[in-house]
Asks: 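Dropping the structure in here first, questions after.
In listed order, ligands and their atoms are each counted from 1. Since this is a predicted model, take the numbers as computed values, not measurements. Counting from 1, the numbers follow the sequence of the chain as shown.
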Amino acid sequence: MSATFSIQPMGRFAGQSQPVKRPKEFACFSYDENHEFRLDDSSIKYYYTPQIGVDLSKGFNTFQKLDDSKDEHLDSLLKTIMAHEKETGKKIDANVVTWRGMMTKIMIALFEQQDGFEMNATLYQDCIFIEEHNEYKMKSRAKENHRGPRRGPPLEVMQYWGYKFETLSTLPNTWAETSREYIENRENQIVNNKEQYCSVVRTGIGKTVLCLGGEVDAIWDSKPQPGQPINWVELKTSAEIRSAHDMDNFHRKLMKFWVQSFLLGVPKIIVGFRTRDGILVDVNEMETQNIPYTVNSRPGAKWNADMCVNFAGEFLEFLQTTINDEGVWRIRRLPASPTIDVFRVEETGHGNIIPDEFKNWRIKL
Ligand code: A3P
Ligand code: MG
Ligand code: MG
């Protein structure tokens, strides 16, 4: 059994955007500094303006780096959903449950020509659960690391810059609870990306109700009463803009920034601009909701937010008509392919997508 969703012609996704729901956090979890799961908000970070002029490579040799080669499936997300359901005594009402990262790949597929992706999906109790296909992720990473000689710093160091910027821009407690010494010495803090705060939201695109889990980098102030919008902050680094060409690249990057933040309802993005060798030279605040206008106001815009939404809305509907029986399904886009293909790879069961613990709970409910 298989079905194909055409990305081309893309003109059919133009026009007013399908309705979207404002993402609402209904649960959260943390990974501590050893990447141990915790059902709380203990790893939340507070934004505090970083110092300019810092070398983002500093401390690379002491980086506490997460080994993300291990397949974590949807485990933490489903644990958190289960805890929420135990509390409320009822099932969440989502049509699709997945990580924010998977939904990002789908939403940018219309304008992202090169990248491919592979996901596994299964239908369980009227809801589609989607995980990343770990083997594919590891294979594409290996390819990227062996893509011949390149100029500039090693890829691992460049990747470290992003995490270093997070450490430079955040506090583990509110400003009032933090010592001046800590604030002034953030440059010397050990960078650890095993520690994360993840928000679990209910949101909607078109006719589909989604439950998404994803990391949020920081909060502007502190958490409000439940149900109120949260002043999340997404942190990003980017090469400083020195030419029209740099600006084109930055505007293209804004698509990922926007989609990622839109999906979890993160209202503000802080961009740290760096030199080509990783010196932080400027910090800029952007409002997520303004990004589509900023991009459209420049001639020759390479993407359009409404079209991303319409594409995602239609693809999600296609997914729900296609994945209509048990088993494990593969969602695959080959690099540069004009289609997304969905086909069954296991006829029965749910693979490793849904842990027994979750099934046992749902059977009881
Ligand atoms: P930058 O985005 O500043 O480069 P996120 O921005 O999603 O919170 O991710 C934090 C950092 O993780 C990124 O910082 C980058 O360093 C690294 N990162 C995220 N996604 C990545 C990917 N697909 N490949 C390599 N590094 C990635
Ligand atoms: Mg992050
Ligand atoms: Mg970030």
Asks: When Ile, Leu, Val, Met, Phe, Trp and Tyr are grouped by side-chain heavy atoms lying under 4.5 Å apart, directly or through other members, which residues fall in the same group as Val233?
Replies: Tyr47, Ile52, Val54, Leu56, Phe60, Phe63, Val157, Met158, Tyr160, Trp161, Tyr163, Phe165, Leu168, Val191, Trp220, Leu235, Ile270, Leu280, Val283

Asks: To the nearest 0.1 Å, how far is atom 13 (C) of ligand 1 from its closest protein heavy atom, and which atom is that?
Replies: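 Of the protein heavy atoms, Gly162 CA, 4.2 Å lies nearest.
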
Asks: Using modelled atom types only, decide if a donor and an acceptor are shared between the side chain of Gln189 and the backbone of Asn185 within a distance under 3.5 Å.
Replies: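 No; zero donor-acceptor contacts below 3.5 Å.
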
Asks: My understanding is that a hydrophobic cluster links ILVMFWY residues whose side chain heavy atoms are under 4.5 Å apart, including indirect links. Using that, what else belongs to the cluster containing Leu155?
Replies: none

Asks: Would Asp282 and Arg274 pass as an ion pair if we require N to O under 4.0 Å?
Replies: no

Asks: Taking the non-hydrogen atoms of Leu235, is any one of them nearer than 4.0 angstrom to ligand 1?
Replies: yes

Asks: Please check if a non-hydrogen protein atom sits closer than 4.0 Å to atom 22 (C) of ligand 1.
Replies: no

Asks: Check Arg141 with Asp68, please: is the shortest side-chain N to carboxylate O separation under 4.0 Å?
Replies: yes

Asks: Look up atom 17 (C) of ligand 1 and tell me if a protein heavy atom lies less than 4.0 Å from it?
Replies: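 Given the 4.0 Å limit, the answer for atom 17 (C) of ligand 1 is yes, a protein heavy atom qualifies.
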
Asks: List-wise, which protein N, O or S atoms are found short of 2.8 Å from the Mg ion (ligand 3)?
Replies: Asp217 OD2, Glu234 OE2, Leu235 O

Asks: Using only atom types and a distance under 3.5 Å, with no angle test, would you say the side chain of Trp232 pairs donor to acceptor with the backbone of Ser199?
Replies: no

Asks: Is Glu234 in polar range of ligand 1, meaning some N or O pair under 3.5 Å apart?
Replies: yes

Asks: Could you tell me the residue and atom name of the protein heavy atom closest to atom 19 (C) of ligand 1, and the distance to it rounded to 0.1 Å?
Replies: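 Ranked first by proximity to atom 19 (C) of ligand 1 is Tyr163 OH, 4.5 Å.
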
Asks: Could you check atom 1 (P) of ligand 1 against the protein and tell me its nearest heavy-atom contact, residue, atom and distance included?
Replies: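 The answer is Thr237 OG1, 3.6 Å.
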
Asks: Looking at Lys268 and Glu285, is any side-chain nitrogen of the basic one under 4.0 Å from a carboxylate oxygen of the acidic one?
Replies: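 Salt bridge flag = yes for Lys268 with Glu285.
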
Asks: Regarding Lys91 and Glu85, does a basic nitrogen lie under 4.0 Å from an acidic carboxylate oxygen?
Replies: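 Answer for the salt bridge query: no.
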
Asks: Donor-acceptor pairs under 3.5 Å, side chain of residues 92-103 to any protein atom, not counting sequence neighbours: which ones?
Replies:
from: Asp93; atom 1: OD1; to: Arg202; atom 2: NE; distance (Å): 3.0
from: Asp93; atom 1: OD2; to: Arg202; atom 2: NE; distance (Å): 3.3
from: Asp93; atom 1: OD2; to: Arg202; atom 2: NH2; distance (Å): 2.7
from: Asn95; atom 1: OD1; to: Val209; atom 2: N; distance (Å): 2.7
from: Thr98; atom 1: OG1; to: Ile130; atom 2: O; distance (Å): 2.7
from: Trp99; atom 1: NE1; to: His73; atom 2: O; distance (Å): 3.0
from: Arg100; atom 1: NH1; to: Gln260; atom 2: O; distance (Å): 3.1
from: Arg100; atom 1: NH2; to: Glu215; atom 2: O; distance (Å): 2.8

Asks: Please identify which atoms of ligand 1 are closer than 4.0 Å to at least one heavy atom of Glu166.
Replies: 8 (O), 10 (C)

Asks: Measure the distance from atom 7 (O) of ligand 1 to every protein heavy atom, then report the residue, atom name and distance (to 0.1 Å) of the closest one.
Replies: Gln260 NE2, 2.9 Å

Asks: Is Glu184 salt-bridged to Arg186, going by a charged N under 4.0 Å from an acidic O?
Replies: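 Salt bridge flag = no for Arg186 with Glu184.
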
Asks: From the options Phe5, Phe111, Phe318, select the one residue that forms a ring pair (Phe, Tyr, Trp, His ring centres under 6.0 Å) with Phe311.
Replies: Phe5

Asks: Kindly confirm or rule out an N or O of Lys236 lying under 3.5 angstrom from an N or O of ligand 1.
Replies: yes

Asks: Number the atoms of ligand 1 from 1 as they appear, then name those within less than 4.0 Å of a heavy atom of Asp217, with their elements.
Replies: 8 (O)

Asks: Take a 6.0 Å sphere around NZ of Lys253 and say whether it holds more than 12 heavy atoms from other residues, nucleotides or ligands.
Replies: yes

Asks: Minimum distance, heavy atoms only, to atom 15 (C) of ligand 1: which one of Arg141, Gln159, Lys253, Lys256 is it?
Replies: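 Checking each option, the heavy atom nearest atom 15 (C) of ligand 1 is found in Gln159.
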
